[in-house]
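In the text below, chain A, chain B and the rest are named by the order of the sequence lines, each starting its count at 1. This is a predicted model, so every value here is computed, not measured.
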Amino acid sequence: MEILCVAEKPSIARAISQILSGGQSTTRDSPNRFTKNYDFYYDELRAEITVTSVAGHLMESDFSDDYRRWESCDPADLFDAPIITAVRKDGGPIARNLEIEARGKNMLMIWTDCDREGEHIGSEVASVCRKTNARIEVKRARFNAIIPQQIHHAARHPVELDRRQSDAVEARIQLDLRLGAAFTRMQTKMLQNQVPDLQRKMISYGPCQFPTLGFVVSRYQQVQAFVPETFWYIYLSIMVDGEETDFTWRRGHLFDFPATLALYELCVESPEATIAQVTKKPTKKWRPLPLTTVELQKSASRLLRLTPKRILDIADDLYSKGFLSYPRTETDQFDPDFDFMTLIQKQTTDPAWGQFAQSLANGGFNAPRKGKKNDKAHPPIHPTAHVTNLVGDDKRVYEYVTRRFLASCSKDAEGQQTTVTVIVAGEEFNATGLTITQRNYLEVFTYDKWSDKQLPDFEQGQHFIPVVCEMREGQTSRPSLLTEADLVGLMDENGIGTDATIAQHIQTIIDREYVMTRQEDSMKYLVPSTLGIGLVEGYNKIGFDRSLSKPQLRRETEQRMVDICEGRSTKNDMLFQFIEQYREVFLRARAAFRQVVESVRDYLNGDGNVTEGGASSDGDDNDDFGGENGGRPPRGTRAPARGGNRGAGTRGRARGTTAPRTRGQPRGKGPSTKRRQDDDSDDENSRPPRGAGATAVSCRCDVPAVERTVVKETSNKGRKFWTCPNDPSCGFFEWADQASGGSASKTGASSRTIPAKRTHTVYARRCKCDLTAVSRTVVKEGPNRGRIFWTCPNSENARCTFFEWDDEQKEMSGPECPNGDQPTKRSRTAGTGTTRSSGRAGGRGRAKSTRGGTSRGSKRGKQWYE
DNA sequence: GCAAGGTC
């Protein structure tokens with residue numbers, strides 16, 4: 001018996017050989033310098049085995065010669081032009097190796113990654129091997145991790161290749177090619193002919209790159225459309241032993257001047273402040289989760305200020321040198337038998353973090369937290385060797401991964417939080433202090449900040465006359481433009497691209513000059529160019545059901561692929577339907593393309609509707625802004641990096657004010673009175689911190705909600721949410737990017753689609769009213785506190801009884817839901833793949849937050865992607 | 001000259 005085993009990449013071939021041969025294989029070179037052939041005898045199967053690999057896809061698809069040249073045909077013909085699939089240009093040596101190695105073998109065993117693309121790559125391998133060995137028996141080894149038990153089991157129990165999955169991928173390949181090529185040729189030609197500035201530009205269209213552009217434009221337009229709203233609040237401070245403590249009004253702020261004034265006057269008339277409560281409770285700041293590709297790109301782009309593409313390139317390079325583990329992974333949990341100690345030991349000699357690593361080795365080790373994602377193919381990203389000779393960005397990326405790994409193996413930081421509640425004329429004010437008791441992981445993970453904030457020793461029942469009691473004015477702040485980290489998050493949530501391609505799509509829209517990056521202070525923002533806005537606006541004007549710049553098209557493609565995988569549809573059915581449908585869309589777009597041309601022309605000439613908008617796409621990416629921002633690009637009034645620039649300094653205490661101000665006018669007006677945001681968002685504490693923005697969203701106490709930012713190392717880190725400013729029992733919680741009243745864009749609480757590289761489970765949670773369910777977090781004290789569930793998006797009165805726990809499979813009879821409703825079965829639409837949490841926009845991660853009552857976001861305004 | 005998906 002002779003068996004040829006083929007893995008998806010050289011590293012897996014090596015690992016499999018190592019395990020199956022017990023390290024006793026012999027290695028031969030192949031025609032490709034990266035690919036080796038490993039030979040050994042495998043007792044269990046009584047077989048001579050050769051293990052080799054490909055390097056991803058082996059074939060490529062393109063139109064036949066008659067259609068390949070741009071001038072050769074009408075772009076509309078590309079919807080049914082013949083497509084030729086052949087070994088890719090650079091795949092010759094690998095294909096030759098397979099042809100040679102397949103000769104004389106009895107069996108071909110496919111060891112590609114166990115996902116949809118892996119199944120397709122397997123079918124490519126089979127077709128190449130059959131060229132020289134038509135009778136070879138083709139089998140598929142299924143494994144979830146490169147650990148001996150699994151690999152031996154997979155070798156002994158091979159299954160068949162899953163034809164449906166490779167069919168689904170083939171359909172995707174064809175559709176992307178037809179759609180991309182037809183639209184790219186059409187719009188490039190039309191625009192080149194009609195807009196002189198674009199004569200030499202390629203204006204590409206793609207089902208991933210355009211929605212990516214759509215996100216950037218949409219946020220930009222929200223920023224432009226923002227109208228600040230004035231609010232008022234009462235500010236209080238108390239002096240004890242020469243030390244002044246600021247107190248925050250429990251109502252946050254009100255948009256009603258007379259109401260605020262009335263309350264303020266009461267305070268002024270009876271200014272005595274009584275300490276109503278002093279509570280001390282332990283608090284924690286959680287150590288980071290194990291690192292996924294998307295999280296690496298998001299967090300490192302923010303902390304190291306590199307583009308996601310650059311980070312992935314560096315990580316790839318460090319991987320190829322053996323310094324890091326495979327950097328394309330969705331997994332944020334380590335296998336139980338992962339060998340942490342060997343890796344930690346390797347780091348003990350480092351001058352910067354060696355001592356910390358040693359402390360872990362000496363008993364400080366604590367098993368990392370487990371995230372919710374597991375691609376069953378790769379572990380979280382971690383350092384595989386200790387390296388000292390790196391420089392520049394390589395060094396910084398390596399250091400980030402290493403510190404994060406060590407931090408994840410450590411303990412949460414611990415502290416004591418003090419909350420002081422004071423009452424003045426029936427109005428409640430709070431101050432919060434923090435004493436850190438154990439820094440633990442913070443010692444090594446220097447990117448996280450958490451600082452002590454001392455409060456004087458207040459005691460319940462004490463009375464004070466406030467040193468300052470003022471009515472102040474502030475303004476809601478403009479949302480900020482998207483950062484690359486934000487965009488990676490949006491794409492991930494909407495299923496645009498995969499962990500391996502998200503960065504590339506962002507790079508594409510930058511390369512095409514649809515989007516410019518703009519450095520502002522310490523943050524890099526994405527600004528759509530006039531060309532980018534013109535394109536999106538132009539297509540929007542044509543008014544398709546499914547806008548070409550929105551994520552639905554991709555979502556639909558994914559769903560139809562799942563249908564093929566599940567046997568509800570076939571490749572041919574899908575292709576037929578989509579091709580007919582999108583040929584129609586194409587013809588309509590072409591017929592109405594004048595609108596795109598005019599829109600693009602208008603924006604390029606500065607006559608677009610958002611005339612202050614957009615960077616010029618002529619290559620000058622900085623200074624072509626006009627309008628209200630005074631020649632500057634649109635910018636949020638919020639300072640990008642740390643919480644807010646709204647009236648920084650306006651917390652400007654009225655030093656010297658020794659008594660409450662007398663009644664009457666609010667003190668100060670204009671910009672300088674903007675409320676200073678409590679901007680300790682990076683170091684506040686383990687709770688979603690006060691990142692604090694003001695808004696027109698109200699919480700359930702009908703107090704204006706405040707915006708905060710998740711700082712915990714969860715998949716939601718950096719994400720903004722609205723919550724009640726003071727009272728956790730109020731329970732109001734809403735993600736800012738879901739709230740129409742908030743600052744950010746809606747990120748889709750609807751069904752999450754899983755891109756190609758991912759397991760193909762799609763949830764479309766719909767409530768009994770057939771609306772897209774929204775997720776909430778239990779706030780009520782009890783065993784379920786912090787747990788996420790899904791419910792009807794309607795207001796409390798109109799809400800149906802739909803209820804599902806986020807973390808439970810269907811068929812679960814879960815405990816009683818917070819509203820007393822019983823859980824219902826999850827509307828799970830597919831599921832041969834790994835079950836994963838999806839539709840995460842509403843509440844993944846563990847931002848310990850509160851449950852939303854009436855979601856104003858669900859009632860107000862339009863969901864931007866619909 | 002076009003897409004998106006693998007991977008070196």
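For the side chain to side chain contact (heavy atoms under 4.5 Å, CB included) test, residues two or more places apart in sequence or in another chain that qualify with A:Gln504 are A:Lys309, A:Gln507, A:Thr508. With sequence neighbours excluded, the residues satisfying side chain to side chain contact (heavy atoms under 4.5 Å, CB included) with A:Asp39 are A:Thr26, A:Arg28, A:Thr50. Residues meeting the ring pair (Phe, Tyr, Trp, His ring centres under 6.0 Å) test with A:Phe578, sequence neighbours left out: A:Tyr582. Every residue meeting the ring pair (Phe, Tyr, Trp, His ring centres under 6.0 Å) condition with A:Tyr319, not counting sequence neighbours, appears here in chain and number order: A:Tyr326.
Under a 4.0 Å N-O distance rule, the pair A:Asp80/A:Arg583 qualifies as a salt bridge.
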Return all side-chain donor-acceptor pairs below 3.5 angstrom for residues 120-128 of chain A, not counting sequence neighbours, or 'none' if the list is empty.
| unit_1 | atom_1 | unit_2 | atom_2 | d |
| --- | --- | --- | --- | --- |
| A:Ser123 | OG | A:His120 | O | 2.7 |
| A:Glu124 | OE1 | A:Leu58 | N | 2.8 |
| A:Ser127 | OG | A:Glu124 | O | 2.9 |

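Across all strands shown, A:Phe210 has no heavy atoms under 4.0 Å from either base or sugar-phosphate atoms. Using a 4.0 Å heavy-atom criterion, one finds that A:Arg200 contacts no nucleic acid atom at all. Within the 4.0 angstrom heavy-atom criterion, base atoms lie near A:Asp62.
The ring-ring contact (aromatic ring centres under 6.0 Å, His included) analysis of residues 166-187 of chain A, with sequence neighbours excluded, yields the pairs A:Phe183-A:Tyr205, A:Phe183-A:Phe586. Residue pairs meeting the salt bridge (charged side-chain N to carboxylate O under 4.0 Å, His left out) criterion with at least one member in residues 184-195 of chain A, sequence neighbours excluded, are A:Glu71-A:Lys189.
Within a heavy-atom distance below 4.0 Å of DNA chain B, no residue of residues 119-127 of chain A is found. Residues from residues 77-96 of chain A with heavy atoms under 4.0 angstrom of DNA chain B, sorted by number: A:Arg88, A:Ile94.
Ranking B:dA4, B:dC2, B:dC8 by closeness to the A:Arg68 side chain, first place goes to B:dC2.
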